[in-house]
**Q** 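After the C-alpha cells below, expect a handful of questions from me.
Everything numeric in this text was worked out from a predicted model, so none of it was measured.
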Amino acid sequence: MKNIFLKTAIVGLIAMGTASCADELKIQSIDPKTSPSYDDMELLAKQYGTLGLTGQIGGAGNSDISGDEGEIGFWRTTFNLQELCTDVCAWAWQDNEDMKPLTNIQWTSSSSRAYWAYQRLSYDITLYNSYLSQQGDRTDGEYPHYIAEVRFLRALHYWYFLDLFHRAPFKDNFSMSELPTEKVGKDLYDWIDQELTAIESALAPIGSFNNSQNFGRADQGAAYALHARLALNSEIYTDGQVKDYQKAIDYCDKVIAGPYALSTATKNGFTGYEQVFMGDNDTNPQAMKEIIFAIRQDGNKTQAHAGSTYLVSSCRTTGMPYSYTDNYWSCNFARKSLIEKFFPTITDCKIPSEDAVKKYLEDHGLKNFENEKDVIAADAELGGSTASIIAAANDDRAMFYGGVGGESTENIRKYTMEKNIKNFFDGLSIVKWQNRRSDNTSPSPTIYADTDIPLFRLAEMYMTRAEAKLRLGKAGAVDDVNVIRARAHTNTLNAIELKDMPDEWCREFYFEGRRRSDLVRFGLFTSSRYVWPMKGGTPTGTGVDSHFRFYPVPDNDRAGNPNMHQNDGY
C-alpha cells in the first residue's frame, strides 16, 4: 500500500449530482489543468482529502464550495452542530452568523449553519459517487480496496446525514440528470447497515492501516467502528423500529479483539489520554494504536481553518501558556456543566478570583501578565493551571485551563456567564486539543495545526459495548467503563447504571464532535430533565420542543428538490 497523505489529487471538473443546489455550491475544478490525468493514489487522496481540506490552495482561496471557506469544511460544520448547542462548550462571539440560534437550540429551516453541513456532506458524496462511477468496476491491483474505502467514506457521510438530519438526499450513482431521492429514518439506516456489511470483506484486514505508511486510510476496523456506532443509535435512527444493541456489542468485540490498544503510558510528562490529541498523534506509536480512523492534518500540507486548527486556535487566546500556535481566535470555552462532570461542585475546581489576580499584580509591580514566564509563575501561586485542575479532579481527562494567561484587569476568567455570553473569559479554556508534540518539540510553522482528528478510537468501542450491555441487561458493562476510567487514573466503579452513562460519555469524549448524538440517545437533548445555561435561550436553561432532536432540511434545498420533505416541527 502506498502513502496517500502527501499526494495531491488531480481530477477533472466535478459537477453536482447529490444535492439539488448545484448553482449555489459552485463546485470548482479540483485542479485547473486542462488534462484530467492522474495516478491512482492521487485520485484516492482527493477522496480522503475532502475530510480535512476545504479548497485547492490552503486556508482560504479557491474553495470547493462557495461561501466562507473556513466555515464550510467537513469537520467544522458537523462538529459545530454536534457540540455548540450542548452542555460542553459555548462560542464567545454570539453575533457571528446564525450562532445565537445554534447556541440556544432555536434554529429554523433557514439556518445557515445547518445548510453549510448539509451542502458539505452533499458535495463530498458527489465526489465519492463520481469516483465510484469511474473506478467502481476495476478489479486490478489494489482497486478492490480503494473502491471499498470510498464506499466507506460515502457510508460515513450518509451516517452524518442520518444522525443530524434523520434523512438524506440520496444517490449511489453519479448523474446530472436525476434529482436525489429521499431516504428517511429506517430506510437510510438499513442502507448504511447493508452497505457496511457489503464492503467489510473487500476492505483491508482490521488494523492494516494502523501504521505510519497508511495511517488515515479506512480498513475493516473503521467499518466495524462505524457499524457499532450506527447500531448503538438504532432505536433513535429507526424511530424505535430497530434495537440493534447486540449488533453493537458484536462489532465492538471485533474491534477490541483487534490490534488496537489504548494509549496508557505517560511520556515526557504527558498522559496517555493527552497524547491522543497532540500534534504528533500520527507518529507517536501508542497514540496511533488507539486511533482506528483519523482525519489527516499537517500544518504545512493541509492548511485549513476547518480541521484541527479550528480545535486548537478557537480555544486559545494570546497570552495562554503552552499554546504552541501563533493563531489565536479566542472563541470556544467550556460551559460550567462540563467542568461539573469532573468536580462535586464547581468551586472545587480552583481558579484565581478577580481580587486575587489584582493583588498578585500589585504585589509584583505588574500592570498585566506580559510573557509566558510571568503567567506560569502566577498560575503556580494562584492556581488554575491545567496540571492543578487535573490533580484536583483526579482525572487525566480534565484538560482545562483557568489561570491568568490572556487575562487583563478587565477580563478575568469566570466559571460561567452571568446572564448572557459576553466573551472568551465566560468560562474555563478547553486545552484537550494541542499542537504541541509529546517529545516537547514545536511544529513549524505554528499557524496551522498538525494534530490528526480521531473520528473513531478504541475507547469508543469500550463505551459502546458497555452501554449496549446495559440496554440489554447483560453483565460486564462496569468492566468496560473501568478500562476507560483506569486509563484516566481516576477511581474505578463497583457498579454502573444506564443513567450514569451520559456523564461517562461526556468525560471521555467532550469536544470530539459527538455530544449532541449522545444526549439525543438518552432523551436529554431537548428535555427539561437536564438543562444547562442558555439551553432554550434562558440564562439557567430550559427544555425545548422535541423536534429539535434533528436539524431541518434547508429551505433552499427543498426549493430545488421536490423529493425532499421537511422534518416535523419546522
**Q** Any donor-acceptor pair under 3.5 Å linking the side chain of Asp452 with the backbone of Asp282?
**A**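 No; zero donor-acceptor contacts below 3.5 Å.
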**Q** May I have all residue pairs that pass salt bridge (Lys or Arg N to Asp or Glu O under 4.0 Å) and include part of residues 94-104, sequence neighbours excluded?
**A**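 Sorted pair list comes back empty.
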**Q** Are any of the side-chain nitrogens in Asp190 or Lys186 under 4.0 Å away from the carboxylate oxygens of its partner?
**A**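 Salt bridge flag = yes for Lys186 with Asp190.
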**Q** When you compare the side chains of Asn284 and Gln275, does any donor N or O come within less than 3.5 Å of an acceptor on the partner?
**A**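 Side chains of Asn284 and Gln275: pair found under 3.5 Å.
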**Q** Check for me whether Arg521 meets the cation-pi criterion with Trp505, that is, NZ or CZ under 6.0 Å from the six-membered ring centre and within 45 degrees of the ring axis.
**A**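 Relative to the ring axis of Trp505, which defines the angle, Arg521 lies inside both limits.
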**Q** Identify the two heavy atoms, one from Gly221 and one from Asp219, that lie closest to each other, and give their separation to 0.1 Å.
**A**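 Scanning both residues, the minimum pair turns out to be N-OD1, 2.9 Å.
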**Q** Just by distance, with hydrogens left out, do Gln82 and Asp163 show a side-chain donor and acceptor under 3.5 Å apart?
**A**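 Their side chains do contain a donor-acceptor pair, which is all the 3.5 Å distance test asks for.
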**Q** I'd like to know if the side chain of Tyr448 pairs up with that of Asp298 as donor and acceptor (distance under 3.5 Å, no hydrogens or angles considered).
**A**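 There is no such pair (donor and acceptor under 3.5 Å, judged by atom type) between the side chains of Tyr448 and Asp298.
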**Q** Walk me through whether Phe161 and Tyr118 qualify under ring pair (Phe, Tyr, Trp, His ring centres under 6.0 Å).
**A** CA-CA 8 Å; Phe161 263 123; Tyr118 193 96; 5.2 Å; yes
**Q** Please round to the nearest 0.5 Å and tell me the distance separating atom CG of Asn332 and atom SG of Cys315.
**A**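 That separation rounds to 5.0 Å.
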**Q** Taking all non-hydrogen atoms of both residues, which atom of Gly52 and which atom of Ala304 are closest, and how far apart?
**A**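 Of all heavy-atom pairs spanning Gly52 and Ala304, the closest is O-CB, 3.7 Å.
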**Q** In this structure, are over 12 heavy atoms from other groups packed under 6.0 Å from Asp568 atom CG?
**A**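 Not more than 12 within 6.0 Å, no.
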**Q** Under 30°, 30 to 60°, or over 60°: which ring-plane class applies to Tyr158 and Phe170, parallel, tilted or perpendicular?
**A**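 Aromatic pair Tyr158/Phe170 classed tilted.
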**Q** What are the two closest non-hydrogen atoms of Arg113 and Asn80, and how far apart are they?
**A**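 Scanning both residues, the minimum pair turns out to be NH1-ND2, 3.8 Å.
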**Q** Between Tyr143 and Tyr146, how do the two ring planes meet: parallel, tilted or perpendicular, split at 30° and 60°?
**A**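 The arrangement is perpendicular - the two ring planes meet at more than 60°.
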**Q** For Asp450, does its backbone N or O pair with a side-chain atom of Asn435 as donor and acceptor, under 3.5 Å?
**A**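 At least one qualifying donor-acceptor pair exists.
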**Q** So how far is it from Leu196 CG to His227 NE2, rounded to the nearest 0.5 Å?
**A**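 Answer rounded to 0.5 Å: 5.0 Å.
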**Q** Would you say Gln297 and Thr451 make side-chain contact, with heavy atoms under 4.5 Å?
**A**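 Heavy-atom side-chain distance check fails, nothing below 4.5 Å.
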**Q** Parallel, tilted or perpendicular, judged at 30° and 60°: which one describes the rings of Trp532 and Phe525?
**A**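 The rings of Trp532 and Phe525 sit tilted, inter-plane angle from 30° to 60°.
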**Q** If we ignore angles and hydrogens, is there a donor and acceptor under 3.5 Å between the side chains of Thr77 and Glu71?
**A**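 Glu71 and Thr77 do not have a side-chain donor-acceptor pair below 3.5 Å.
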**Q** For the residue pair His305 / Asn327, report whether a side-chain donor-acceptor contact shorter than 3.5 Å exists.
**A**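 No - no donor-acceptor pair under 3.5 Å links their side chains.
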**Q** Return the minimal non-hydrogen interatomic distance between Gln220 and Ser201, and the atom names on each side.
**A**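 Distance-wise, the nearest heavy atoms are NE2-CA, 4.2 Å.
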**Q** Can you check whether Gly299's main-chain N or O pairs, donor with acceptor, with Gln303's side chain at less than 3.5 Å?
**A**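 Here the side-chain-to-backbone pair exists.
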**Q** Drop me the distance from Ser263's OG to Phe277's CZ, to the nearest 0.5 angstrom.
**A**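 The distance works out to 9.5 Å.
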**Q** Using modelled atom types and a 3.5 Å cut-off, is there a donor and acceptor pairing between side-chain atoms of Asn214 and backbone atoms of Asn211?
**A**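 No: the side chain of Asn214 does not pair with the backbone of Asn211.
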**Q** Check this for me, if you would: do Glu178 and Lys171 make a salt bridge, where the nitrogen-to-carboxylate-oxygen distance has to be below 4.0 angstrom?
**A**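 So Glu178 does not pair with Lys171 through a salt bridge.
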**Q** How long is the straight-line distance from CZ of Phe456 back to CG of Leu156, given to the nearest 0.5 Å?
**A**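 Those atoms lie 5.5 Å apart.
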**Q** In this structure, are over 12 heavy atoms from other groups packed under 6.0 Å from Asp137 atom CG?
**A**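 12 or below, so no.
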**Q** Let me see the working for Glu149 and Leu44 under side chain to side chain contact (heavy atoms under 4.5 Å, CB included), right down to the final yes or no.
**A** CA-CA 9 Å; Glu149 289 172 51; Leu44 182 63; 4.1 Å; yes
**Q** With distance as the sole criterion, is a donor-acceptor pair present between the side chains of Asp557 and Tyr115 under 3.5 Å?
**A**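 Not at all, the side chains of Asp557 and Tyr115 share no donor-acceptor pair under 3.5 Å.
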**Q** Is there a side-chain contact between Arg514 and Glu460 in this structure, where contact means two heavy atoms from C-beta onward sitting under 4.5 Å apart?
**A**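 Of all side-chain heavy-atom pairs linking Glu460 with Arg514, at least one is under 4.5 Å.
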**Q** Assess the side chains of Glu235 and Tyr245: does a donor N or O sit below 3.5 Å from an acceptor N or O?
**A**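 Checked: Glu235/Tyr245 side chains pair up, N/O donor to acceptor below 3.5 Å.
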**Q** Indicate whether the side chain of Thr50 and that of Asp124 have a donor and an acceptor atom separated by less than 3.5 Å.
**A**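 Their side chains do contain a donor-acceptor pair, which is all the 3.5 Å distance test asks for.
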**Q** Enumerate the residue pairs fulfilling salt bridge (Lys or Arg N to Asp or Glu O under 4.0 Å) with a member in residues 78-94, sequence neighbours excluded, ordered by first and then second residue.
**A**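 Listed by first then second residue: Asp87-Lys341, Asp87-Arg515.
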**Q** Are Asp172 and Arg154 close enough for a salt bridge, meaning some N to O gap below 4.0 Å?
**A**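 A salt bridge is absent here (no side-chain N lies under 4.0 Å from a carboxylate O).
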**Q** Do Pro502 and Leu524 have side chains that get closer than 4.5 Å, going by heavy atoms?
**A**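 Yes, at least one pair of side-chain atoms sits under 4.5 Å.
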**Q** CD1 of Ile291 to OH of Tyr260: how many Å apart, nearest 0.5 Å?
**A**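 Between Ile291 CD1 and Tyr260 OH, I get 11.5 Å after rounding to 0.5 Å.
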**Q** Would you say the side chains of Ser330 and Thr317 form a donor-acceptor pair under 3.5 Å?
**A**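 Ser330 vs Thr317: donor-acceptor pair found between side chains.
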**Q** Where do Phe152 and Phe293 land on the ring pair (Phe, Tyr, Trp, His ring centres under 6.0 Å) test, with the steps shown first?
**A** CA-CA 11 Å; Phe152 165 80; Phe293 180 69; 5.4 Å; yes
**Q** Between Ile430 and Phe333, does the side chain to side chain contact (heavy atoms under 4.5 Å, CB included) criterion hold? Intermediate values first, please.
**A** CA-CA 6 Å; Ile430 300 170; Phe333 61 87; over 6 Å; no
**Q** State, to 0.1 Å, how close Ala459 and Phe509 come at their nearest heavy-atom pair, and which atoms those are.
**A**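 Result for this residue pair: C-CZ, 3.8 Å.
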**Q** Is it the case that Arg316 places NZ or CZ above or below the six-membered ring of Trp329, under 6.0 angstrom from the centre and within 45 degrees of the axis?
**A**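 Relative to the ring axis of Trp329, which defines the angle, Arg316 lies outside at least one limit.
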**Q** Nearest 0.5 Å please: distance from the CG atom of Asp239 over to the OG atom of Ser234.
**A**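 Those atoms lie 11.5 Å apart.
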**Q** Can a donor-acceptor pair be found, under 3.5 Å and without considering hydrogens, that links the side chain of Ser111 to the backbone of Ala114?
**A**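 Side chain of Ser111 to backbone of Ala114, a donor-acceptor pair under 3.5 Å: yes, one is there.
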**Q** Quick check: closest heavy atoms across Leu121 and Phe165, and the distance to 0.1 Å?
**A**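 Minimum heavy-atom contact is CD1-CE1, 4.4 Å.
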**Q** Compare all side-chain heavy atoms of Val520 with those of Ile236 and state whether any distance is below 4.5 angstrom.
**A**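 Answer yes - side chains close enough.
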**Q** For the residue pair Tyr224 and Tyr251, does the interplanar ring angle fall in the parallel (under 30°), tilted (30 to 60°) or perpendicular (over 60°) class?
**A**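 It falls in the tilted class, 30° to 60°.
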**Q** Apply ring pair (Phe, Tyr, Trp, His ring centres under 6.0 Å) to Tyr551 and His166, showing your working.
**A** CA-CA 8 Å; Tyr551 286 94; His166 201 52; over 10 Å; no
**Q** For the residue pair Tyr310 and Phe79, is the inter-centroid distance of their aromatic rings smaller than 6.0 Å?
**A**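 Yes: the rings meet the under 6.0 Å criterion.
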**Q** Would you say the side-chain atoms of Asn104 pair up with the backbone N or O of Gln106, donor to acceptor, closer than 3.5 Å?
**A**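 No; judged by distance alone, with no hydrogens or angles, the pair does not exist.
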**Q** Find out whether the Lys NZ or Arg CZ of Arg217 is both under 6.0 angstrom from the six-membered ring centre of Phe209 and within 45° of the ring's axis.
**A**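 Yes - Arg217 lies over the ring of Phe209, closer than 6.0 Å to its centre and within 45° of its axis.
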**Q** With sequence neighbours excluded, tell me which residues meet salt bridge (charged side-chain N to carboxylate O under 4.0 Å, His left out) with Arg457.
**A**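 Expected list: Glu290, Glu508, Glu512.
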**Q** Between the side chains of Trp159 and Tyr237, is a donor N or O closer than 3.5 angstrom to an acceptor N or O?
**A**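 Note: Trp159 and Tyr237 side chains meet the donor-acceptor criterion.
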**Q** Could you walk me through whether Val184 and Asp187 satisfy the side chain to side chain contact (heavy atoms under 4.5 Å, CB included) test, starting with their C-alpha distance in whole Å, then the side-chain angles of each, then the deciding distance to 0.1 Å, before giving a yes or no?
**A** CA-CA 6 Å; Val184 184; Asp187 286 344; 5.8 Å; no
**Q** Would you kindly say whether Ser323 and Thr325 are connected by a side-chain donor-acceptor distance under 3.5 Å?
**A**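 No, Thr325 and Ser323 have no side-chain donor paired with an acceptor closer than 3.5 Å.
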**Q** Got Asn281 and Val276 here, is their nearest side-chain heavy-atom distance under 4.5 Å?
**A**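 Not in contact.
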